[in-house]
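Below is one structure, written out as structure tokens; the observations come after it.
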Protein chains: 4
Amino acid sequence: MFELDVKSRQPIYEQVVDKIKELIINEVLKPDEKLPAVRILAADLGINPNTIQKAYRELERMGYIYSLPGKGNYVNPQKPGAKDERIDELKLELKRIVREMLYFGMREEDIKAFISEIIKGGKSGD
Amino acid sequence: MFELDVKSRQPIYEQVVDKIKELIINEVLKPDEKLPAVRILAADLGINPNTIQKAYRELERMGYIYSLPGKGNYVNPQKPGAKDERIDELKLELKRIVREMLYFGMREEDIKAFISEIIKGGKSGD
Amino acid sequence: MFELDVKSRQPIYEQVVDKIKELIINEVLKPDEKLPAVRILAADLGINPNTIQKAYRELERMGYIYSLPGKGNYVNPQKPGAKDERIDELKLELKRIVREMLYFGMREEDIKAFISEIIKGGKSGD
Amino acid sequence: MFELDVKSRQPIYEQVVDKIKELIINEVLKPDEKLPAVRILAADLGINPNTIQKAYRELERMGYIYSLPGKGNYVNPQKPGAKDERIDELKLELKRIVREMLYFGMREEDIKAFISEIIKGGKSGD
DNA sequence: GTGGTCTAGACCACG
DNA sequence: GTGGTCTAGACCACA
């Protein structure tokens with residue numbers, strides 16, 4: 001499904017959260033699709049099931065998945081409700097990054113060109 | 001000078017690093033300007049001097065400031081080296097954010113307009 | 001493991017850094033081998049855990065070890081990058097020393113003989 | 001006479017010691033030659049006279065200069081006595097450096113060639 | 001007065 | 001159990 005960097009300073013459960021979030025955003029995992037069972041995924045990745053549990057709970061908290069106790073975890077279809085505040089968070093992050101890019105000498109057109117590039121590149125993983 | 005969120009999951013020293021980095025990037029703190037003394041800033045923010053010390057050493061490691069033991073800490077005038085590397089990191093972050101913005105329904109033109117807005121807003125703090 | 005000179009002008013954490021660096025260079029500590037836990041080593045050496053922590057972070061910064069939070073600190077397998085830079089530093093140091101040796105009456109052949117001796121002596125600790 | 005790096009982490013008095021030591025070793029300053037008066041040198045370098053005082057005291061302790069109270073400081077002609085222990089110190093340093101050079105991939109012949117180069121280059125400052 | 005180092009002791013996140 | 005963070009408080013070197 002994906003790979004982890006066990007040597008990274010980033011906690012493993014966060015890496016799992018990010019990877020799954022990315023799969024959902026890129027619609028590799030479709031709305032209402034079932035996620036791998038905790039134990040299966042843990043075995044696949046060679047890590048502790050508790051770590052996957054924690055990642056799933058975090059994804060649920062963030063609204064990316066929902067849990068049916070005893071049945072499994074599923075991709076949450078997007079709710080238009082809670083998304084504006086997330087967009088505001090993203091805007092703040094983007095502002096910080098753009099400012100730093102300017103500081104390091106990139107120009108407005110360089111940045112916009114790069115954004116076009118990202119979007120043209122489609123939704124693929126890299 | 002700025003405020004901290006002591007309840008945040010983000011370590012206090014990292015918050016201090018980010019805030020000061022931002023002040024330097026936005027040129028609120030000018031090259032070779034003296035930063036507040038470790039003990040003074042600690043008292044101002046209501047935290048332990050060691051925490052500021054740690055933040056300052058981290059900023060030094062990243063090349064944003066330099067330390068003259070016994071004299072103070074100062075803003076490092078930009079050195080061109082190691083800059084491209086940082087830009088590549090920023091591009092990766094920006095890619096992640098733009099992808100998530102698209103997922104949440106923003107369009108290419110919305111994003112670019114927002115970037116223009118940031119830049120037109122100048123280098124001021126918000 | 002090794003001993004410290006608490007009376008030395010050289011900070012304790014630097015002594016720890018140097019000693020461990022030497023153990024790594026002489027391959028007493030092998031790549032990916034686990035270093036002693038912070039608290040254990042601190043107790044062994046009779047110093048504060050924070051001092052070891054600081055030494056380990058410094059070693060990590062220099063690329064000699066990596067840290068897995070919650071798991072331990074490990075010897076970093078050599079990465080080829082940034083190596084030439086370090087060699088240049090070493091050459092400068094060596095130049096200074098050789099000049100001083102000449103001043104104190106050693107001859108070129110004495111110095112080279114001594115270097116052969118070091119190398120023939122293998123990688124052992126003294 | 002020479003220049004200092006006020007931004008360096010190395011204490012200024014140590015920089016002064018090193019620079020003067022080098023001038024003595026390279027015989028720019030001859031045996032029994034008078035060193036610049038403390039206040040003159042301090043004024044030249046734009047630093048505090050106390051700092052020069054400290055450097056001169058340190059050089060005296062190391063045997064490089066001697067002081068005639070009220071008259072000035074003079075370059076100490078080499079005494080064959082105390083030099084063996086200094087050579088032993090230098091050998092230790094050289095051993096550490098050669099070991100690290102080997103670790104970073106230099107070969108015995110590279111190191112010896114570099115030493116020849118240093119010596120052929122004469123006693124000049126770089 | 002300034003930064004740098006160190007200690008003793010505490011709590012938290014992670015796996 | 002492990003490393004990471006933080007506090008309170010101390011002493012030292014430097015300029």
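Note that the structure is predicted; figures quoted are calculated from it, not measured. By convention in this document, chain letters (A, B, ...) are assigned in the order of the sequence lines, proteins followed by strands, and residues within each chain are numbered from 1.
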Within residues 46-58 of chain C, find the residues that approach DNA chain E with a heavy atom at under 4.0 Å, and present them sorted by residue number.
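Within residues 46-58 of chain C, the residues near DNA chain E are C:Ile47, C:Asn48, C:Asn50, C:Thr51, C:Lys54.
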key: Close approaches to DNA chain E from residues 12-20 of chain A, in residue order (heavy atom, under 4.0 Å)   =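 Contacting residues: A:Ile12, A:Tyr13.
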Exercise for the section: Step by step, work out the side-chain contact (heavy atoms from CB on, under 4.5 Å) result for B:Met1 and B:Leu29. Expected result: CA-CA 11 Å; B:Met1 203 162 182; B:Leu29 293 170; 4.0 Å; yes
Inter-residue atom distance [X].[atom1] - [Y].[atom2], 0.5 Å rounding:
| X | Y | atom1 | atom2 | result |
| --- | --- | --- | --- | --- |
| B:Leu41 | B:Ile20 | CG | CD1 | 5.5 Å |
| B:Arg61 | C:Glu58 | CZ | CD | 10.0 Å |
| B:Ile87 | B:Leu92 | CD1 | CG | 13.0 Å |
| D:Ile24 | D:Glu33 | CD1 | CD | 9.5 Å |
| B:Met62 | B:Lys21 | CE | NZ | 5.0 Å |

Could you note down all residue pairs passing ring-ring contact (aromatic ring centres under 6.0 Å, His included) where residues 44-67 of chain A supplies at least one of them, sequence neighbours left out?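 Sorted result for residues 44-67 of chain A: A:Tyr66-A:Tyr74.
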For F:dA13, does OP1 or OP2 lie under 4.0 Å from any side-chain N or O of D:Arg9?
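No.
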Let me spell it out: for each of C:Gly70 and B:Lys71, pick the nucleotide of DNA chain E with the closest heavy atom. Which residue's pick is nearer the 5' end?
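The residue closer to the strand's 5' end, by nearest nucleotide, is B:Lys71.
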Requested in this report: Only pairs at least two apart or in different chains count here, so list each side chain to side chain donor-acceptor pair (under 3.5 Å) that has a residue in residues 39-55 of chain B.
Outcome: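 Every pair satisfying side chain to side chain donor-acceptor pair (under 3.5 Å) with a residue in residues 39-55 of chain B: there are none.
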- Query: Under a criterion of less than 4.0 angstrom to any heavy atom of chain A, what are the 5'-terminal and 3'-terminal contacting nucleotides of DNA chain E?
  - Reply: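 The contact span of chain A on DNA chain E goes from E:dC14 to E:dG15.
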Worksheet item: Which residue lies toward the 5' end of DNA chain F, D:Gln10 or C:Ser67, if each is placed at its nearest nucleotide?
Response: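 Its nearest nucleotide being more 5', the pick is C:Ser67.
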Q: For B:Pro11 and for C:Leu68, find the nucleotide of DNA chain F with the closest heavy atom, then tell me which residue's nucleotide is more 5'.
A: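 Its nearest nucleotide being more 5', the pick is C:Leu68.
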Practice task
Using atom types as modelled and distance alone, determine if a side-chain donor or acceptor of C:Asn76 lies under 3.5 Å from a backbone N or O of C:Gly63.
Solution key: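 Confirmed, C:Asn76 side chain pairs with C:Gly63 backbone.
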* To do: State whether the side chain of D:Glu100 and the backbone N or O of C:Ile25 hold a donor-acceptor pair below 3.5 Å, judged by distance alone.
  =>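 No, the answer is negative, given that no donor and acceptor are paired below the 3.5 Å cut-off.
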### Message
For B:Lys34, is the NZ atom crowded, meaning more than 12 foreign heavy atoms sit under 6.0 Å from it?
### Response
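Atom NZ in B:Lys34 is crowded, with more than 12 foreign heavy atoms closer than 6.0 Å.
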(Q) Salt bridge or not between D:Arg57 and D:Glu60? Use side-chain N to carboxylate O under 4.0 Å. (A)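 Salt bridge absent between D:Arg57 and D:Glu60.
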Could you tell me whether D:Glu22 and D:Lys19 have a side-chain N and a carboxylate O separated by less than 4.0 Å?
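Salt bridge flag = no for D:Lys19 with D:Glu22.
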Secondary structure of DNA chain F per the Watson-Crick/G-U criterion (both distances under 3.5 Å; [ ] crossing, | other strand, . unpaired) is ||||||||||||||.
